[in-house]
Amino acid sequence: MPIRPRPFTYRCDECGWSATVAPVSDALGPNDIHHRCGNCGNPALQRGTPSRLQALIATLKRDLGGRPPGM
Ligand SMILES: [Zn+2]
């Protein structure tokens with residue numbers, strides 16, 4: 001049984017933007033990688049541990065195929 005990596009959070013120190021991703025496997029997909037801040041474009045993003053709620057939301061999004069419910 002493959003081990004799923006833990007979700008992690010990208011954070012921008014410039015503006016406070018953050019994004020949490022929950023990779024499906026050890027191989028990160030295009031949706032799992034952020035090279036720049038989604039708000040201000042800062043390329044120096046920090047990678048850190050998400051809060052429990054952020055991790056839960058990211059995991060649910062992944063398990064739903066990245067689509068919001070009802071679509
Ligand atoms: Zn930013």
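Below, all heavy atoms of this structure are taken into account, side chains as well, without hydrogens, waters or symmetry copies. No experiment lies behind these values; they were computed from the predicted model shown. Start at 1 and go down the list; that is how both ligands and their atoms are numbered.
In this structure the side chain of T59 reaches within 4.5 angstrom of the side chain of P7, judged on heavy atoms.
To the nearest 0.5 Å, atoms CD1 (I57) and CG (L53) are separated by 4.0 Å.
Judged by distance alone, with hydrogens and angles left aside, the side-chain atoms of R11 form no donor-acceptor pair with the main-chain N or O of G16 at under 3.5 Å.
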With a 3.5 Å cut-off and sequence neighbours excluded, list the donor-acceptor pairs that the side chains of residues 42-52 form with protein atoms.
{"from": "N42", "atom 1": "OD1", "to": "A44", "atom 2": "N", "distance (Å)": "3.0"}
{"from": "Q46", "atom 1": "NE2", "to": "D13", "atom 2": "OD2", "distance (Å)": "3.4"}
{"from": "S51", "atom 1": "OG", "to": "Q54", "atom 2": "N", "distance (Å)": "3.2"}
{"from": "S51", "atom 1": "OG", "to": "Q54", "atom 2": "OE1", "distance (Å)": "3.4"}

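The ring pair (Phe, Tyr, Trp, His ring centres under 6.0 Å) search around Y10 returns F8, H34, not counting sequence neighbours. Remark: T9 pairs with T20 by the side-chain hydrogen bond (donor to acceptor under 3.5 Å, both in side chains) rule, at least two apart or across chains.
Around the Zn ion (ligand 1), the protein N, O or S atoms found under 2.8 Å comprise C12 SG, C15 SG, C37 SG, C40 SG.
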